[in-house]
Amino acid sequence: MNTPLKTQLQKQTNEFFIRLEEVKPLCDANCKIKDVDRVEHILNALINGGTKRLQLVSDFDYTITKQRTADGSPVLSSFGIFNSCKSLPKGYVEETERLYHKYRPIEVDPHLPIQEKTKYMVEWWTKSGELLVGFPFDENEIDEVAFKYKDSLRDQSNVLFHTLYRLNIPVLIFSAGLGNSVISVLKHAKVLLPNVKVISNFLRYRNCLLDGFQEPMIHTFNKNETVLEGSDYYELVHERDHIIVMGDSIGDADMARGVPASSNIIKIGFLFDHVEENLERYMNVFDIVLIDDQTMNVPLALLSAIEAQEKKNLEKSFQFNS
Ligand SMILES: Nc1ccn([C@@H]2O[C@H](COP(=O)(O)O)[C@@H](O)[C@H]2O)c(=O)n1
Ligand SMILES: [Mg+2]
């Protein structure tokens, strides 16, 4: 059955069918939705599926963390946290910066096809790993820097993570950044809960010296659920076909690739830079685009709608059985 017809039928038969206008943060002026019917349909599928079918997949840098702070203080990326560690050799920091200025423009170039970009991204991450070889490093340094940035998470992040934990919903944080920094920030922010799994690039050591990154390399354009295949986490989530995806880069919209085609996926994109230039592209790949929204209000509103309906269903079945 085609989607609008199915939605129409649900609207007629399901007294709890929710309209997008009933979800307050989705009505804000900075919330852009290209296809309201489609989002309404997916949201209702998520609501009817309940928490047991749900998982959340999110990027870290500038998605879990803010893109802009109220007082203008900077938010460091996970690589930025590492690069601020005092004991790193000067040559390493200089060369890393050189690579950033060479490859970052390619990563965000709106005119270059993804296939072409991917070649350069593999080159960037490979060279970054090669620079990280042969010197000692104490990971407590990451912890010290990360502690200073523990408040850089979006407003309401703490509530979001604790709600997901309470509802037993697995959270996958997919980061092409540095996993050691991601873990450290989440830990200091007190949201590294047992339902949270981080897939990212982690430091490797050999004979007590740094030895690049652990495999597999996660870069901007290969972060998707296909890299989970065969892992314990895949076993945990592969039947959870209702997914909330959150990201701040175009490539993040693809993070749920690898899940069954029948899945219901709602993609939330946080847009901050060059809004006018990027809005259309973001609206083409994300179902909901939030412009300069530094909160977790939208994912929280979706979760509340899902939880509220689940409660009603439980009460109904309790009344029916008693
Ligand atoms: N050596 C590197 C490699 C990449 N980056 C940037 O990190 C970003 C990580 O992305 P996530 O949003 O997935 O966390 C990536 O977009 C690169 O721009 C870097 O800073 N240094
Ligand atoms: Mg990001």
Side-chain angles (χ1 to χ4, degrees), residues 57-68 74-85 88 91-110 112 114 117-133 142 145-146 149 152-154 157 172-186 197-204 210 212-214 216-225 227 245-257 267-274 278 282 285-286 289-290 293-294 296:
V57 179
S58 179
D59 165 55
F60 179 76
D61 288 317
Y62 308 116
T63 296
I64 298 293
T65 53
K66 288 181 178 171
Q67 294 157 306
R68 171 182 71 83
V75 176
L76 285 195
S77 69
S78 51
F79 272 119
I81 288 175
F82 178 70
N83 294 342
S84 302
C85 293
L88 294 174
Y92 165 82
V93 178
E94 282 169 5
E95 188 56 15
T96 300
E97 273 170 21
R98 198 189 64 77
L99 292 179
Y100 186 88
H101 289 112
K102 174 175 176 186
Y103 290 106
R104 176 68 184 165
I106 301 175
E107 183 187 30
V108 296
D109 183 342
L112 208 62
I114 301 275
K117 287 186 186 201
T118 302
K119 270 193 327 212
Y120 289 108
M121 295 305 106
V122 171
E123 217 174 87
W124 185 8
W125 266 257
T126 305
K127 286 183 180 168
S128 302
E130 285 166 1
L131 285 177
L132 279 172
V133 174
I142 295 184
V145 183
Y149 292 93
S152 59
L153 268 55
R154 287 179 185 279
S157 289
L172 173 61
I173 297 184
F174 241 132
S175 173
L178 188 74
N180 304 67
S181 307
V182 173
I183 295 273
S184 190
V185 173
L186 295 175
K197 167 90 176 163
V198 177
I199 304 264
S200 185
N201 301 294
F202 286 90
L203 296 172
R204 186 171 60 194
L210 275 177
F213 300 123
Q214 296 173 27
M217 168 202 292
I218 310 285
H219 61 75
T220 325
F221 300 107
N222 76 343
K223 344 190 248 183
N224 58 64
E225 293 214 354
V227 302
V245 169
M246 307 198 301
D248 72 302
S249 303
I250 290 277
D252 295 336
D254 221 17
M255 285 187 299
R257 198 170 79 214
K267 298 178 183 178
I268 304 171
F270 292 96
L271 174 57
F272 179 66
D273 284 319
H274 309 293
N278 283 319
Y282 272 64
V285 298
F286 290 105
V289 178
L290 302 169
D293 176 345
Q294 307 306 326
M296 291 295 191

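Note that ligands are numbered from 1 as they come in the structure, with each ligand's atoms numbered from 1 the same way. All values reported here derive from a predicted model rather than from experimental measurement.
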| task | Decide whether the shortest distance between a heavy atom of F60 and an atom of ligand 1 is less than 4.0 Å. | result | no

| query | Is there a side-chain contact between F60 and T65 (heavy atoms, below 4.5 Å)? | reply | yes

| In the protein, what heavy atom is nearest to atom 9 (C) of ligand 1, and what distance, to one decimal place, separates them? | G177 N, 3.5 Å

| task | Calculate the angle formed at the Mg ion (ligand 2) by OD2 in D59 and OD1 in D248; 10° precision is enough. | result | 80°

| field | Contact atoms of ligand 1, heavy-atom distance to Y100 under 4.0 Å | value | 20 (O)

| note | In this structure, atom 11 (P) of ligand 1 is nearest to the protein heavy atom D59 OD1, 3.2 Å

| task | Inspect the surroundings of CZ in F213 and state if more than 12 heavy atoms from other residues, nucleotides or ligands are less than 6.0 Å away. | result | yes

| query | Under 2.8 Å from the Mg ion (ligand 2), is there an N/O/S atom belonging to D252? | reply | no

| field | Spatial distance of atom CD1 (I268) from atom OG1 (T63) [nearest 0.5 Å] | value | 10.5 Å

| request: Would you mind checking which non-hydrogen protein atom is closest to atom 6 (C) of ligand 1, with the distance to 0.1 Å? | output: W124 CH2, 4.0 Å

| note | protein heavy-atom neighbour closest to atom 1 (N) of ligand 1 works out as S128 OG, 2.9 Å

| query | Taking 4.0 angstrom as the limit, do D59 and K223 come out as a salt bridge? | reply | yes

| said: Can you report which non-hydrogen protein atom sits closest to atom 8 (C) of ligand 1, along with the distance? | reply: D61 OD2, 4.4 Å

| K223 near ligand 1 by a heavy-atom separation under 4.0 Å | yes

| message | Regarding ligand 1, does S78 bring an N or O atom to under 3.5 Å of one of the ligand's N or O atoms? | response | no

| field | Test of proximity, R104 against ligand 1: N or O pairs below 3.5 Å | value | yes

| N/O donor-acceptor pair under 3.5 Å between Y92 side chain and L132 backbone | no

| Is the backbone N or O of G177 less than 3.5 Å from a side-chain atom of S200, with the two atoms forming a donor-acceptor pair by type? | yes

| message | So does L172 get a backbone contact from the side chain of K197, meaning a donor-acceptor N/O pair under 3.5 Å? | response | no

| query | Is there a side-chain contact between S249 and D252 (heavy atoms, below 4.5 Å)? | reply | yes

| task | Please say whether E107 places an N or O atom under 3.5 Å from an N or O atom belonging to ligand 1. | result | yes

| query | Among the N, O or S atoms that D61 has, which is closest to the Mg ion (ligand 2)? | reply | O

| Can you check whether M217's main-chain N or O pairs, donor with acceptor, with N201's side chain at less than 3.5 Å? | no

| Of all the non-hydrogen atoms in the protein, which one sits nearest to atom 21 (N) of ligand 1, and at what distance? | F79 CD1, 3.3 Å

| message | For E95, is there an ion pair with R98 - N to carboxylate O distance below 4.0 angstrom? | response | yes

